[in-house]
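Reading through the structure tokens given below for one structure.
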Amino acid sequence: MVDSIRHHRVCVIGAGPCGLTTIRNLINNDINDIVCYEAQDTIGGLWAYSSDQNRPSVYQSAHIISSKRLSAFRDFPMPDDYPDYPSQRQLFSYFSSYAEKFNLKQHIRFRTEVIEAVQGVNGGWQLTVRDPDGMREETADYLIVASGHHRIPFTPPLEGSFSGTQIHSSQYRDTGGFEDKRVLIVGAGNSACDIAAALSRVSDHISLSLRTPQFIIPKTVLGRPIDVQYRKLQKFPRFVRNTLLNFGLRALVGPYERYGLPQPSFDILSTHPTLNTDILERLTHGKVAVRRATTSADGNMVTFADSTAAPFDTIIWATGYQTRFPYLSNTQFDWSQSTKIPLYMKIMPVDVTDIFFIGLIQPLGCIWALADYQAEIVARAINGTWNRPENIAAKIEQEHAEDAKRYRPTTRHAVEVDYHDYIGIMQRELVTTKKAA
């Protein structure tokens, strides 16, 4: 049964770290008529650990892959006693303290799921939400999507029939149940390598299947976090950074062939590297085997692109996510097959001026630290102290042209940004408009 309609100036979807900093920036810019819908019963998004495999959550042993110095909100540093790479529990505590410090929960409606968001005939948004009391219709002048792009798993098809267990990496929680199993992990990103390293300590055999070569980089260099070290290279042009990184990685890690890994033929900064020290050690100790791409399955046997085959009990698909939002009925916001996302600064579309996307980026670094800046731009766009450029379509095309020079043309890199370059763009945008005001 639909209850009476409530109206809000701004609706935020998601109370993960990106949603929290969005609320904070809206309040900071004198926007207080805010409602944030959160489907779960707590803040934190993926970093609110849950053993329920049907609920989006990081795995129990997860640690952030960006350092605490470059992963804090601008006005809320992480505690001094946190390690360089905080754990899931520490991050959840940090987000909880942030929400408490700035009284953000007053705007959040927990256990409330957005079922559909439709553009109004005369602007604004009509929302259908479901909470413990049932369905409700609500409206808002502005819609901010902060629900993240690690929500809808992507699993590629596997020819044939596999008789064992198959799960996506989003369903993995801990090593329990994998003892003495033969496990195939498909993918070589951060989650794939984390899971492979963890399971290699309890499982009978672990194989890591790679479709394309991948840069795997230690998280620490000369005792310092790799992103802190990389920040020192920002004074150099991009091609010089690429050269220095290639040379440094070669000296630090050596040829990938020594680990049984294929050697990438592209530049480090043209892709999204994996930051993992542990997996390299597990590879050198023979605890993880490297396989080519999967081609087919027959019973418990999986065949690979080099025509080799091996038996497995479980396949874990660490193959990423689809960039789409089921509650947005407008298909123009389905980018699951796109290599280019038509959003200015990865935030706003051309023709719809009352919707914004926060955190729809994939940096080699921290998403929510960048979302902090994104949210300020959005808040100022709403309160009228920042204006969209008139030639926004041309600017999006220019961004796409720049991305094409930098990154490989894949769906994985459709929202890729360089942490430092991107933060510089937003800082200059905010400084320029503040001076104009």
Side-chain angles (χ1 to χ4, degrees), residues 51-54 56 59 150-216 256-265 271-272 274 276 278-280 282-324 336-337 339 408 410-412:
S51 59
D52 182 357
Q53 290 188 338
N54 296 315
Y59 35 89
H150 296 121
R151 294 280 175 174
I152 305 175
F154 169 71
T155 302
L158 179 63
E159 184 180 338
S161 178
F162 180 65
S163 61
T165 301
Q166 298 186 65
I167 65 170
H168 189 269
S169 58
S170 61
Q171 298 172 283
Y172 171 81
R173 293 295 182 267
D174 54 45
T175 60
F178 291 95
E179 296 87 351
D180 303 320
K181 300 291 186 181
R182 292 181 59 85
V183 183
L184 171 64
I185 299 169
V186 181
N190 290 295
S191 294
C193 289
D194 270 356
I195 295 170
L199 291 184
S200 69
R201 292 176 166 83
V202 301
S203 300
D204 179 62
H205 172 86
I206 298 295
S207 280
L208 196 64
S209 170
L210 286 74
R211 184 179 60 180
T212 56
Q214 177 73 12
F215 282 104
I216 300 177
Y256 282 112
E257 290 92 338
R258 293 180 182 174
Y259 302 88
L261 294 164
Q263 186 69 34
S265 59
T271 185
H272 190 78
T274 295
N276 194 297
D278 200 14
I279 191 64
L280 296 175
R282 305 309 289 172
L283 287 166
T284 57
H285 285 76
K287 300 301 183 181
V288 177
V290 177
R291 305 277 184 175
R292 298 286 299 279
T294 58
T295 58
S296 64
D298 183 8
N300 70 341
M301 297 294 294
V302 178
T303 301
F304 301 92
D306 58 1
S307 298
T308 61
F312 294 96
D313 301 300
T314 303
I315 299 176
I316 299 178
W317 297 94
T319 44
Y321 298 82
Q322 301 177 54
T323 305
R324 62 184 180 89
S336 53
Q337 302 299 319
T339 59
R408 304 183 70 211
T410 68
T411 55
R412 174 178 169 81

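Quick note: residue numbers are just sequence positions, from 1.
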Give, for atom [atom1] of [X] and atom [atom2] of [Y], the distance between the pair rounded to the nearest 0.5 Å.
X	Y	atom1	atom2	value
D313	H205	CG	NE2	10.5 Å
L261	F215	CG	CZ	11.5 Å
I279	L208	CD1	CG	5.5 Å
S169	I195	OG	CD1	5.0 Å
L184	I206	CG	CD1	9.0 Å
T314	I167	OG1	CD1	7.5 Å

Say whether, by atom type as modelled, one donor and one acceptor occur between the side chain of [X] and the main chain of [Y] under 3.5 angstrom.
X	Y	value
Q171	Q53	no
H168	S170	yes
T303	T295	no
R211	G187	no
S209	V186	no

Quick check: are there more than 12 heavy atoms from other residues, nucleotides or ligands sitting under 6.0 Å from [atom1] of [X]?
X	atom1	answer
R201	CZ	yes
D174	CG	yes
Q337	CD	no

Could you pull out the closest heavy-atom pair between [X] and [Y], with the gap in Å?
X	Y	answer
F304	A309	CD1-CA, 4.4 Å
A188	Q214	O-CG, 3.5 Å
V288	L283	O-CD2, 3.4 Å
A310	R291	CB-NH2, 3.5 Å
R282	S200	NE-OG, 2.9 Å
Y59	S191	OH-CA, 3.7 Å

Subject >> T323 and T411: CA distance, side-chain angles, deciding distance, side-chain contact (heavy atoms from CB on, under 4.5 Å) verdict >> reply: CA-CA 9 Å; T323 305; T411 55; over 6 Å; no
Original post:
Does the pair Y259 and T284 meet the rule for a side-chain contact (heavy atoms from CB on, under 4.5 Å), with working shown?
Top reply: CA-CA 6 Å; Y259 302 88; T284 57; 3.4 Å; yes
Subject >> Flag side-chain contact, heavy atom, 4.5 Å: P311 against R182 >> reply: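 The answer is yes, as the side chains (C-beta and beyond) meet within the 4.5 Å cut-off.
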Original post:
Taking side chain as C-beta onward, heavy atoms only, is P264 less than 4.5 Å from T271?
Top reply: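 In short, these two side chains do not touch, never coming nearer than 4.5 Å.
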Subject >> F178 and Y172 aromatic ring geometry - parallel, tilted or perpendicular at 30°/60° bounds >> reply: tilted
List the atom pairs, with distances to 0.1 Å, where a side-chain N or O of residues 151-159 and a protein N or O form a donor-acceptor pair under 3.5 Å, not counting sequence neighbours.
unit_1, atom_1, unit_2, atom_2, d
R151, NE, S147, O, 3.0

**OP:** Might you work through the side-chain contact (heavy atoms from CB on, under 4.5 Å) test for N190 and H272, ending with a clear yes or no?
**Re:** CA-CA 10 Å; N190 290 295; H272 190 78; 4.1 Å; yes
**OP:** Go through the steps for L199 and I316 under the test side-chain contact (heavy atoms from CB on, under 4.5 Å), then give the verdict.
**Re:** CA-CA 11 Å; L199 291 184; I316 299 178; 3.8 Å; yes
